[in-house]
Amino acid sequence: MTERNRLSELAALTRQVAKLSPTTLIAAESRFVEDLGVDSLDLVALVLEVQERFGVTIDEDQIGSLRTVGDLLRLISEAPELRAA
Amino acid sequence: MREPIVVLGHGAVTALGPTMDATWDGLLSGRSGLRRHPDLNAERFLQDIAGRVEVPLDDPNLAGTALSKLPARFLRLGYLAAREAWLDSGLDQGPGLDRDRVALVLGSAFGGLDHLDAEIDAMARRKSLATSPYLIPGMIVNQLPGQVAERLDLHGPMVAPANACASGGIAIAVGAALIASGEADAALCGAAESVFTPFVVNGFATMKALLGRKANDRSADDPAQASRPFSIDRAGFVLAEGAAALVLCSARLARQRGLRPQAELAGWASNSDGHHMALPEPGRIRQALAAALKHAGLPPSAIDYYNAHGTSTLVNDRVETQAIRDVFGDHAARLPISSIKGALGHSLGAASAIEAAVCIRVLRDQILPPTLHHRPDPELDLDYVPGSARPTRVRAVMSASFGFGGTNNVLVFRRIGDD
C-alpha cells in the first residue's frame, strides 16, 4: 500500500470512527483535537480500528502523543508488521 | 394547598412510529406495532415477535456528537422522545429560562446492554483485551439524561431511575418531587429501552414472563396477537423498544411564561414490595393505587380511565385486576381499563413513560385507546375497552406500573379546568 493510499484509508477510518460529517476535510496536517474535534476517547477507538484494519500493533501508551493524522500515519508505517514486509 | 404540577409537553417513539402523533394515531386506529423480525433468529433467540422502531434513527445533525458514536439504541430513542417533549413544552420560547433549574430524570431498566452484546463479539475478534472506549459511557443508564443535557443545554439535577418496568413512571414521580421540593423549576422526565439481546429475550422467556415461540399459539398465524392483555389465553409479554418523555413544571412557572398546561399531574405514589425478586405483591399494589388517589385528593369514583400495566402475563393481569376491584369497589365495574401493550408490546422501563404520554392524549382528545386481541377471561370481568377506541368523557386518569425487584408506581393525571 502506498503512503498516499494509506492516508486516504486512515482519513476514511477517522471519519467513520469519530462520525465526522462528510464535508470535514481530513489531511495529514489535520490536528485531531483542534481541527477535527476528535477527543481522547475517539483516539483510543481509532487506534483499535487501525490495528484491525492495517494488521499492525500499536503501543497504546503512544496514543497520548498523537497530535495530527500524520502522527498516526507515521506510527502505522513504523509498526513492526509493516517494516518487516 | 400545594402548588399544582402540570404537564407542558410530551413525546414518544414507539413501534407504532417515531413521534407521539404517529403512536397515538396508531393506537386509536387499532394498529399493532408487533411483527416477526428475521434477525431475531431461532438459533439465538427464543422469540422473533417484537415491537421495534422501524425508522432509521440516523440524524445528520448529530454528526460528530457523542450520540452519533454511542451505538446503544436506548440513547437515540430516549433523545428523540425527550427532544419532542421539550419542543412541545414551549419552555425554550422567550428569554429568562433558568436552564440550571431544569431537572433531567430519564431512566431505563437495562441501559446499553445491546452495545455490550455487540462488544462481546468485537472483543473476541481483537488480539488485545481492549474494549471500545465508548462501551462504558454507552452502557450506563444515566448517559441518557447526560446526552439529553448536552444536546438540549439543560443543567439541573440528574437522576436515572433503573426501576425495571416501572422506570418511566418513577422518573415522572421523581421529577415531580424535585419540583415540589423546590430543587427544580421544571423537569424533563421519562425513560427509554432497547435490549434485543439473547440475554434479555431468552432470560425473560426462560422465566416464562415473555411469550416464547409456540406452534399452537394464536401468534403462530398472526404475530400481532402475541400480546393480548387480560385475555383468557394470555401467555406472556412481547418485548418492545421505545421511549417517551414528559415535561413537568409548577403551575406558577407555566403562568409566568404564558404557557398552557396540557394536564395536571394530580398525584403520584411509589412503594416497594419487599417480597420477591420478580413476583408482584397484591397488597402493595393495592396500597400504591390507593396512595396515588389519596395524594391526588380524589375519590375512586373520580377516575374515568385506568391505563393498565397489563403486560399480557398470566400473573400480572390477574393481580392487577384484583387490585383494581379492591381499590375501586363498586366503581371498578364502571371503570374503563385498557392496556396499550396489546398494540405496542412491553418496552420495559420505557413502557410506563409511553403510557403516561398516552394519558395526556386521552385527556386532550377525550377518547380511550383499546386493548387489542382481547378474548374474555371469566375470572377477569372488568371493562377492558376491547377492540376499538372509545370516545368518552375523561376528567382524571390513573396509570400504573409494576417492576421486577418489587417496585410499584402509580400516576394520576387530571384535565385542567375541571374543578
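Chain identifiers are assigned alphabetically (A, B, ...) following the order of the sequence lines, protein sequences preceding nucleic acid strands; residue numbering begins at 1 within each chain.
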Trainee: What part of A:Leu48 is in contact with chain B, defined as an atom under 4.5 angstrom from a non-hydrogen atom: side chain, backbone, both or neither?
Mentor: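 Only the side chain of A:Leu48 comes within 4.5 Å of chain B.
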Trainee: Would you mind checking which part of A:Val38 comes under 4.5 Å of any heavy atom in chain B, side chain (CB onward), backbone (N, CA, C, O), both or neither?
Mentor: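 A:Val38 has no heavy atom closer than 4.5 Å to chain B.
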Trainee: Report the distance from atom CD of A:Glu52 to atom NZ of B:Lys127, rounding to the nearest 0.5 Å.
Mentor: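 So the gap between those two atoms works out to 8.5 Å.
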Trainee: How many angstroms lie between CG in B:Leu62 and OG in A:Ser21, if you round to the nearest 0.5 Å?
Mentor: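 So the gap between those two atoms works out to 12.5 Å.
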Trainee: With chain A, which of B:Pro137, B:Ala130, B:Ala63, B:Pro133 has the greatest number of heavy-atom pairs at distances under 4.5 Å?
Mentor: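 The candidate making the most pairs under 4.5 Å is B:Pro133.
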Trainee: Could you tell me if the side chain of A:Val44 sits less than 4.5 Å from the side chain of B:Tyr134, heavy atoms only?
Mentor: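 In short, these two side chains do not touch, never coming nearer than 4.5 Å.
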Trainee: Relative to chain A, which segment of B:Thr131 carries a heavy atom at a distance below 4.5 Å: side chain, backbone, both, or neither?
Mentor: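 For B:Thr131, the contact with chain A is made by the backbone alone.
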Trainee: With a 4.5 angstrom heavy-atom cut-off, could you sort out which part of B:Ser68 is near chain A: side chain, backbone, both or neither?
Mentor: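 Backbone plus side chain of B:Ser68, per the 4.5 Å heavy-atom cut-off to chain A.
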Trainee: Say you draw a straight line from CG of A:Leu41 to CG of B:Leu70; how long is it, rounded to the nearest 0.5 Å?
Mentor: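 Nearest 0.5 Å value for the CG-CG distance: 9.0 Å.
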Trainee: Of all the heavy-atom pairs spanning A:Asp39 and B:Lys69, show the shortest one and how long it is.
Mentor: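 Nearest pair, atom of A:Asp39 first, then B:Lys69: OD2-NZ, 4.5 Å.
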Trainee: Checking A:Glu60 against chain B: side chain, backbone, both or neither under 4.5 Å from a heavy atom?
Mentor: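 Side chain only.
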